[in-house]
Amino acid sequence: MKKRLRIPILLALTLVAALLTAPAGAAADFPFRDPSLPVERRVADLLGRLTLTEKLGLLHQSQAAIPRLGVPYHKNGTEALHGVAWTNDLNDNWNQKLASGTVFPQAVGLASTWDPELVKRVGSAVGDEVRGHNTINPTLWGLQVWAPVVDPLRDPRAGRNEEGYSEDPLLTGAIATAYGKGMRGDDPFYLKAAPVLKHYLAYNNEVNRSLTSSNLTPKLRHEYYERPFRDAISAKAATGVMASYNLVNGRPSHVNADLQDVVRSWTDETLYNVSDAWGPHALTDLERYFDDKPEAFAAVLKSGQDSFTIDGSDTGPLVTHLTAALERGLITEADVDRGVSRALTIRFRLGHFDPDGGPYRSIGADVIDSPAHRALNREAAGKAAVLLRNSGTLPFASPKSAAVVGPLADRLYSDWYAGRMPYQVTPLDGIKERVPGVTTGEGLERIALRHVGSGKYVTATGTGPDDNAALTDTAPTPASQWDVTDWVSDVSTLRNVGNGKLLGGDWRSLDTDDDDPHGWYVQQQFSLERQGDGTYLIRYAGFESVEGWYALPDPYVTVTADGALALAPKAQAARFAKEVVSDGIAAAAEQARAAEVAVVVVGSHPWVHGREFHDRDDLRLGDGQKRLIEAVRKANPRTVVVLETSYPVVVDAPALLWTTHAGAETGHAVADVLFGDVNPAGRLTQTWPAGDDLPSILDYDLVKTGMTYLYDRDRPLFAFGHGLSYTTFGYQGLKAQGEQVSVKVTNTGRVAGEEVVQLYTHQRQSRFAQPVKQLRGFQRIALAPGESRTVTFPLRKADLAVWDHTRDKEVVETATHDVLVGSAADRIRQRTTLRVSGERVPPRDLTRTTRAINFDDYAGVTFADENKVRGDVVAGSDGGWISFTDTVHGGRLSAGVASAEGGSIELRRGSPRGALLATARVPATGGVYAYETVTARLRPGTGDLYVVFRGDVRLRDLTLAR
């Protein structure tokens, strides 16, 4: 590794000042071109040669070339979540430029392998293909990649569920670390690609994502939401983080000082943090957090972000706003230099300024979609598949005939963060390679929609954007017949039989000019809503309908006076009769009845009813797909359902195999599992709820909501870690000794298989709320029939630390821990106990100043920003409260408060309605950021204290002095 000499920037600038006048022709001789020098010296040398305008331009995502110094163009942000996906062109910022290459299983599928070694190989392959594309077009395909996504999957309704790994922070961190290390390569200094973690912090809802605030308690912030970021950064698996769109405790994440103060403390490497697209503009244009752009952009830079993802490739606005910020004294040139030096450090590590381009420069285009990557893709997709249920039907034993039906039987789909598949192997293709007689069908209803008022049918008039659907046919023809796919919940797509195109909402009219759902505003989504009289209303579910500017928040299909179809409020909705022209479900059932086995391939469409910017309403499979499963199962008991989704979906079937949208090798992988060539060992990485009775998606307090296996006490449909095998495993001899846990695992079945051995603990005694159980380790092992292996896990005392919010530090408590080993969170096979000697958390000493956010419990309050830089406070209104338990307190209250209109805080004993001990009046302080100190007297004592809010008051801290 190159030796790192740490030189203060200003000193370095002085040292190289004499070289500033070097002619352009001498660029090759500049010290920054010398790989033998420490990177800090090379950065300082190049930084010292830049003009202020050039430096400001390097704070942009799109960094112009500087020919006089031989600095090449560079663009951040190649998307590479599960393969090289897309980027934007220097001269075309509005259209995605999709890569064609290896599309691996979606991220949640990669994590379901529970195999970090495999995921690292996948990450390495993706890093190779990033380099391969960069070789083809270095202007288009930058080497800083925005992946992986490490937001914990705390709610399966979140639109970006497929982008994350798991609801568990340890598993998320382990998989992210493996993927990131694979992408960056094994050289201790040079980077194959520069991975950036998304999205910091607590970002797991899409509804109003730039306006909603994730309320985080200190405990959950440290133990849950930060952990996967900390694990990957501290393992040097990533080179920075991206700020998230949401607010955290009232402060936009794009000015979260943790990006500077906390994230950088996790590593001794230089991090290069970036904004999300348009995020800096949101601070003024949407969130109204700052009055003007210079103030907002200065705050972004000072918070620890070094790259602005704004305005496409136009650096002009950024330079203008930061120049104004400099002139107003909001930032200094030292702030600029700090950010630019971080950008340059990563570029040096990518080999941008080495004469030979660095050790990874030799990777060429031949790696893209190589045979080795195809084989790895098949392996990953097979290992990711999860056998949810098995009635004994699987594995298939050389059937002579099979009915392979369903909307996903012969189709593969990519998601928003995937590239193009150069080839496709569908489940039908994979099964056809093994079964001589295969029949197939989509299993869809073909319908006609007759307008009740006129008797005419909804008809496609062509495939161009101006060929609007209308009421023309008086009897069903191919142009007025539609194949309906009910995806999830009640959202469907309708494909015209005559022209093969989808019905779409062309802003206010309807047309058929699209082959598949696509675009940022997916406009090919509808819901057929049955009315009491048997007729239907057609609700338009295009993604733009939730936008405020759309001005039609609940659009339905209506009919204009001339018979054209349009969108209008529900009160103007037209009524339609749904006529079934042909029943694909019944046809699929007949095919299944005539076949030896049946495979029903159903699931989600990655672009429909949930994706970035759009959450899901529920987790129900569409009605048509449910009826297809029921009909085929009734026709053939030897039916297997293959469920292909990006998130949990409630499905009832005795033989059920789950896979994500797993890329080009999906069909081979599915067939490998169905026929036993691969013994399934994928395991779920998030809880699959049994129903839709879930808390608000905007509530991030897992302890109170009971979301995730950590705090859920209800019985789920499928538990975290669940997955079956074609063999069985026995567990024996669990031991927890010293700082190690060991257990003997035996393959007790007749075929070779892999088991994912999972270690959990539960702390029995604690000052704080503890999870029901918590994952502490896992190993995926392969065993032959009858083979045994002793699996060992490290379990250090420090691993059992909890966040002590009463003293703002991690602490190991004296406690007994249940040590649990099994194959899922609900399948614990061996258990023992471990006594840990630590410390007892003392009573809360409220005679010292205590931050209000470090309460023990709360209700009816929100968490807010103390100011626009850092600090969290509690914002309460009438009846809201926070509590401090097991306290020692004096008799003189001093509280730091702020209020726009005034109010009061009450101290009560034992409960929010307990004995009133004191009341402190809060005046109007001049605003929510203007803090004053209020006082009151009470009797000193011990016990539980409640602070009850009256009026709108922000409480920063309190002291109950003696």
Side-chain angles (χ1 to χ4, degrees), residues 1-4 32-43 46 58 61 63 71-81 83-85 87 119-136 138-148 150 176-198 229 232-242 263-264 266-274 306-307 339-364 367:
M1 183 173 182
K2 303 294 183 185
K3 183 179 179 182
R4 308 229 182 142
F32 74 82
R33 291 286 182 189
D34 185 353
S36 69
L37 295 177
V39 67
E40 289 85 358
R41 183 175 170 187
R42 298 177 73 188
V43 168
L46 178 52
L58 290 173
Q61 174 198 15
Q63 300 171 13
V71 173
Y73 172 82
H74 169 69
K75 189 190 79 66
N76 292 332
T78 295
E79 299 289 356
L81 180 62
V84 185
T87 185
V119 173
K120 184 180 179 183
R121 287 192 283 131
V122 170
S124 181
V126 175
D128 286 345
E129 296 203 10
V130 169
R131 281 281 176 173
H133 283 287
N134 180 260
T135 298
I136 296 171
T139 299
L140 183 62
W141 299 103
L143 297 174
Q144 191 213 49
V145 293
W146 289 348
V150 297
T177 296
Y179 191 76
K181 283 192 170 184
M183 282 198 296
R184 67 168 287 172
D186 294 327
D187 190 278
F189 175 75
Y190 286 99
L191 300 166
K192 181 161 54 177
V196 172
L197 305 178
K198 298 169 27 173
F229 291 91
I233 292 292
S234 62
K236 300 184 178 181
T239 60
V241 302
M242 174 186 284
V263 174
R264 296 184 192 278
W266 297 333
T267 181
D268 61 357
E269 289 192 332
T270 296
L271 298 181
Y272 179 32
N273 296 333
V274 306
D306 316 306
S307 180
V340 174
S341 69
R342 293 166 179 164
L344 293 177
T345 297
I346 298 304
R347 292 189 62 177
F348 273 105
R349 297 183 65 195
L350 287 167
H352 281 186
F353 309 113
D354 283 19
D356 64 356
Y360 295 109
R361 184 66 181 86
S362 61
I363 298 176
V367 301

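The figures that follow rest on heavy atoms only: side chains count, while hydrogens, waters and symmetry mates do not. Throughout, numbering of the chain's residues begins at 1 and tracks the sequence.
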Thr78 vs Leu143, side chain to side chain contact (heavy atoms under 4.5 Å, CB included): CA-CA, chis, key distance, verdict
CA-CA 7 Å; Thr78 295; Leu143 297 174; over 6 Å; no
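- A donor-acceptor distance shorter than 3.5 angstrom exists from the side chain of Thr87 to the backbone of Leu140, with no hydrogens or angles considered.
- The closest side-chain heavy-atom distance from Asp356 to Arg361 is not below 4.5 Å.
- Of all non-hydrogen atoms in Tyr190 and Pro35, the two that sit nearest each other are OH-CB, 3.9 Å.
- You'll find the side chain of Met183 reaches within 4.5 Å of the side chain of Val145, heavy atoms only.
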Report the C-alpha separation of His352 and Val71 in whole Å, then their side-chain angles, then the decisive distance to 0.1 Å, and conclude whether the side chain to side chain contact (heavy atoms under 4.5 Å, CB included) test is met.
CA-CA 8 Å; His352 281 186; Val71 173; over 6 Å; no
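- Ring planes of Phe353 and Phe32: perpendicular class, angle over 60° (limits at 30 and 60°).
- Counting heavy atoms from C-beta on, the side chains of Asp186 and Lys120 come closer than 4.5 Å.
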Side chain to side chain contact (heavy atoms under 4.5 Å, CB included), that's the test. Do Ile346 and Glu269 meet it? Break it down for me.
CA-CA 10 Å; Ile346 298 304; Glu269 289 192 332; over 6 Å; no
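- A pairwise comparison of heavy atoms in His133 and Val84 identifies CD2-CG1, 3.8 Å as the closest pair.
- At distances below 3.5 Å, not a single donor-acceptor pair connects side-chain atoms of Arg342 with backbone N or O atoms of Asn273.
- A side chain to side chain donor-acceptor pair (under 3.5 Å) with Asp354 holds for exactly one of Arg42, Arg349, Arg33; it is Arg42.
- Residues forming a side chain to side chain donor-acceptor pair (under 3.5 Å) with Ser124 (at least two apart in sequence, or on another chain): Lys192.
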Begin from the C-alpha positions of Val126 and Tyr179 and carry the test side chain to side chain contact (heavy atoms under 4.5 Å, CB included) through to its verdict.
CA-CA 9 Å; Val126 175; Tyr179 191 76; 3.5 Å; yes
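- Between the side chains of Tyr272 and Asn76, at least one donor-acceptor pair of N or O atoms lies under 3.5 Å.
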